[in-house]
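Every number for a ligand or one of its atoms is a count from 1 in the order of the listing.
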Amino acid sequence: MKRRDFIKRGLVGGALGLISGTSYAARPTPAEIEGPFYPVYAQKDKDFDLTRIQGQAGVARGKIIIIQGRVLDREGKPVEDATVDLWQANAAGRYRHPHDPNKAPLDPNFQGWAIVPSGKDGGFRFKTVYPGTYPASDSWMRPPHIHFKISKRGYVELVTQMYFPGEALNDVDLLLRRKRIDERPLMIATRLRGEAEIYQYDVVLEKAGE
Ligand SMILES: [Fe+2]
């Protein structure tokens, strides 16, 4: 075989490897349990701003933050018009849910739940408050987290939880700790530099039947 042909074949092989090899594809965001507090009360206002409720003058208590991210497929292509459904505890660690046993106060101005579509670039963005910690049992304190349910026809529905960087409770959380070491970073948002509290959280969906 001529050297030139050899190189050509090598390149072709490499390119095919790139297309078919899973090591080049983005890893899907790990799933996590939905937990017991998926919202059950009917709620009209489910927009991207969780710090205010339509028709009310007040603002939610706590540190206001922005979460932004993109919904991607395993090739890194944006997934447009995915349904990004998220819910979380308020700044005191309380869910607006009849079965939440936490005695921490409800916040009448905290929306707590949002359903937003991803845009053309797969992007989503919402404004909320930094979620509080809460006891899941006598000996288990949940780290701050946001629950997500992300769906789009043709993809496997992703139910997961997003964590915050630098939280000591992350290391001892009974759920997050069960994940492999290399999976955990996929579930922890990245804090962007700058004055505002902006967190980046990209999620990767698997195609149905993959
Ligand atoms: Fe939770």
Side-chain angles (χ1 to χ4, degrees), residues 28-43 45-51 53 60-69 71 82-116 124-151 156-180 183-191 197 199-205:
T29 304
E32 187 48 273
I33 58 166
E34 183 174 301
F37 305 129
Y38 185 81
V40 290
Y41 293 126
Q43 179 178 316
D45 187 358
K46 297 201 264 299
D47 77 348
F48 73 97
D49 184 357
L50 289 86
T51 67
I53 293 177
R61 281 192 294 270
K63 183 168 69 176
I64 291 180
I65 59 171
I66 302 285
I67 310 284
Q68 63 177 37
V71 183
T83 301
V84 182
D85 180 341
L86 57 103
W87 67 103
Q88 65 168 88
N90 67 24
R94 174 83 186 268
Y95 288 88
R96 182 172 288 122
H97 191 286
H99 299 149
D100 186 355
N102 194 355
K103 296 280 185 288
L106 285 167
D107 181 346
N109 295 309
F110 182 53
Q111 190 178 297
W113 181 22
I115 300 183
V116 297
F124 62 88
R125 184 179 167 91
F126 62 100
K127 186 178 177 185
T128 186
V129 297
Y130 201 93
T133 60
Y134 62 86
S137 73
D138 288 344
S139 56
W140 176 18
M141 202 68 177
R142 293 296 333 267
H145 61 277
I146 297 180
H147 295 264
F148 279 85
K149 191 182 283 199
I150 301 177
S151 55
V156 178
E157 181 182 78
L158 172 69
V159 176
T160 191
Q161 302 185 22
M162 184 208 92
Y163 298 87
F164 290 84
E167 287 285 349
L169 285 173
N170 287 349
D171 302 330
V172 291
D173 183 56
L174 296 186
L175 293 179
L176 187 54
R177 215 176 54 182
R178 273 202 320 229
K179 298 295 177 192
R180 291 199 320 265
E183 283 182 318
R184 294 175 203 170
L186 307 176
M187 306 178 77
I188 301 174
T190 309
R191 166 95 195 262
E197 291 259 347
Y199 293 88
Q200 183 76 27
Y201 177 60
D202 293 337
V203 296
V204 176
L205 297 185

Parallel, tilted or perpendicular: ring planes of Phe164 versus Tyr199, cut at 30 and 60 degrees: perpendicular
Tyr130, OH atom: more than 12 neighbouring heavy atoms under 6.0 Å: yes
Heteroatoms of the protein, restricted to N/O/S, which lie under 2.8 Å from the Fe ion (ligand 1): Tyr95 OH, Tyr134 OH, His145 NE2, His147 NE2
Shortest non-hydrogen separation from Leu176 to Ile188 and the atoms involved: CD2-CD1, 4.4 Å
Heavy-atom closest contact (Asn102 atom, Ala92 atom, distance): ND2-O, 4.2 Å
Parallel, tilted or perpendicular: ring planes of Trp87 versus Tyr38, cut at 30 and 60 degrees: perpendicular
Between Trp113 and Asp45: side-chain donor-acceptor atoms closer than 3.5 Å: no
